[in-house]
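Accompanying notes for the structure given below.
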Amino acid sequence: MSEQTSVDHEKVMQLFGSVFNDVAGSVAIMMSYLGDQTGVYRAMDKLGSAGVSAIAAEAKVDERYLKEWLASNAARGYVSYDAEADKFSLTPEQASVFARESEPTCIQGLIQGVVGQFVKEDVAIDVFKTGRGRPWGEHHECCFCGTERFFRPAYAGHLLDEWIPALDGVEDKLKLGAKVADIGCGLGTSSILMAEQFPNSTIHAFDFHGPSIEEAKKRANEKGLSNLEFFVSDAGEIPKNDYDLACIFDAWHDMGDPVGIAASIKETLSKDGTFMVVEPMALDGYANNIANNPASAMMYGFGTLVCVPASKAQSVGLGLGPQAGPSKLMELLSEAGFGNVNLAAKTTNNLVLQARG
Ligand SMILES: C[S@@+](CC[C@H](N)C(=O)[O-])C[C@H]1O[C@@H](n2cnc3c(N)ncnc32)[C@H](O)[C@@H]1O
């Protein structure tokens with residue numbers, strides 16, 4: 001029991017207000033998910049300023065529910081309401097965040113990922129209480145699509161223009177024709193980007209989650225890429241193939257034995273090959289992240305629900321978590337046997353580490 005016995009009512013009300021706002025936000029997230037999945041935001045983006053009936057007709061949703069939904073969204077600032085004309089619209093900024101998939105600020109992937117966590121809340125409680133692992137594949141499929149949708153803009157915006165150029169000598173090799181392994185590739189977004197950009201290179205993409213690999217193959221086939229192949233494989237069992245570049249995007253901390261896996265990846269590389277590890281942005285140190293990293297509440301939340309359980313479900317079960325920070329990540333890469341490790345790049349959402357030698 002806490003030592004302080006008297007309650008500061010003002011502080012209680014401040015905390016209550018702050019949590020109340022979070023709860024309102026969580027309802028708004030569910031509203032936003034409905035709008036995304038039924039195409040209401042996209043219909044609004046297409047129509048411009050419009051009344052409830054017109055939006056309902058364009059999105060093919062029930063008009064009465066839509067009226068309620070629009071009010072909730074307008075009160076939250078997600079859509080705009082002109083009370084005099086009784087019409088709703090999206091500003092360009094609202095459209096960018098809620099309706100336009102191709103824009104880097106589209107947040108629907110993250111929302112989808114969060115909603116997916118609420119679907120099997122009984123499993124989350126059991127995992128949390130018992131400490132058992134929860135394999136990646138046991139999550140609702142929103143987790144896979146939401147993850148891909150959320151990460152895609154960062155990869156599309158930074159992988160080819162910033163992260164690969166930040167690695168010593170790698171871009172030139174890829175242009176000429178190199179062998180690349182994309183490990184823990186999920187739905188294959190990073191693999192597809194690299195295969196498109198570097199047609200002389202061969203990309204082998206691996207993930208142990210069969211349904212993700214099936215979806216990744218479908219996406220690559222639609223693009224007609226002949227230099228990209230997908231394999232169902234554990235990250236620790238990648239064949240020795242003298243890869244010039246091995247990479248892991250937002251997945252190393254999900255693995256049970258990141259050090260053992262990095263050591264085995266080292267064996268798959270050519271003599272002067274590079275291992276690129278892309279991890280979520282984090283600061284060094286638990287207390288430092290809590291105090292100074294604005295994304296840490298969300299990231300430790302995903303760590304609790306997804307990343308640490310995914311790691312604990314595998315052998316060793318280190319449970320590194322998504323907020324390890326650059327120093328710890330570099331220490332683990334050194335422990336895996338890499339002699340030359342550095343932080344090659346940093347972007348809003350990611351840290352990019354380079355390991356060689
Ligand atoms: C957060 S997702 C990231 C997927 C993808 N790299 C991306 O950025 O979109 C983590 C991925 O790592 C994969 N994964 C986790 N542990 C693995 C392991 N030991 N071997 C292979 N894949 C693994 C999961 O199946 C999942 O697809």
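Note that these values count all heavy atoms, side chains included, but never hydrogens, waters or copies made by symmetry. Small disclaimer: the values here were computed from a predicted structure and weren't measured. Both ligands and their constituent atoms are indexed starting at 1 by order of listing.
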Among all the protein's non-hydrogen atoms, which is closest to [atom], and how far away is it?
| atom | value |
| --- | --- |
| atom 10 (C) of ligand 1 | D254 OD2, 3.4 Å |
| atom 9 (O) of ligand 1 | F151 CD1, 3.7 Å |
| atom 1 (C) of ligand 1 | D250 O, 3.2 Å |
| atom 16 (N) of ligand 1 | Q314 NE2, 3.0 Å |

Just checking [X] against [Y], ring centres under 6.0 Å apart?
| X | Y | answer |
| --- | --- | --- |
| F118 | H140 | no |
| F144 | H139 | no |
| W69 | Y33 | no |

What atoms of ligand 1 come closer than 4.0 angstrom to any heavy atom of [X]?
| X | result |
| --- | --- |
| S233 | 21 (C) |
| C185 | 5 (C), 6 (N) |
| H209 | 25 (O) |
| A251 | 10 (C), 11 (C), 12 (O) |
| T147 | 1 (C) |

task: Have a look at F198 and tell me which of L160, L176, V180 forms a side-chain contact (heavy atoms from CB on, under 4.5 Å) with it.
output: L160
Ligand 1 contacted by [X] (non-hydrogen, < 4.0 Å):
| X | answer |
| --- | --- |
| S311 | no |
| T189 | no |
| A310 | no |

Report the part of [X] in contact with ligand 1, treating N, CA, C, O as backbone and CB onward as side chain, heavy atoms under 4.0 Å; options are side chain, backbone, both, neither.
| X | answer |
| --- | --- |
| F208 | both |
| A235 | both |
| Y155 | side chain |

Polar contact flag for [X] and ligand 1 (N/O pairs, less than 3.5 Å):
| X | value |
| --- | --- |
| G184 | yes |
| D207 | yes |
| M255 | no |

message: More than 12 heavy atoms of other residues, nucleotides or ligands under 6.0 Å from NZ of K46: yes or no?
response: no
- prompt: Just wondering, more than 12 heavy atoms not from E101 lying within 6.0 Å of its CD?
  reply: yes
Could you tell me if [Y] and [X] have a donor-acceptor pair between their side chains, going purely by distance under 3.5 Å?
| X | Y | result |
| --- | --- | --- |
| D36 | Q112 | no |
| D250 | N349 | no |
| Y155 | N350 | no |

task: Kindly compute the distance separating SG (C185) from NE2 (H204), expressed to the nearest 0.5 Å.
output: 12.0 Å
query: For residues 323-357, which residue pairs qualify under ring pair (Phe, Tyr, Trp, His ring centres under 6.0 Å), counting only residues two or more places apart or in two chains?
result: F275-F338
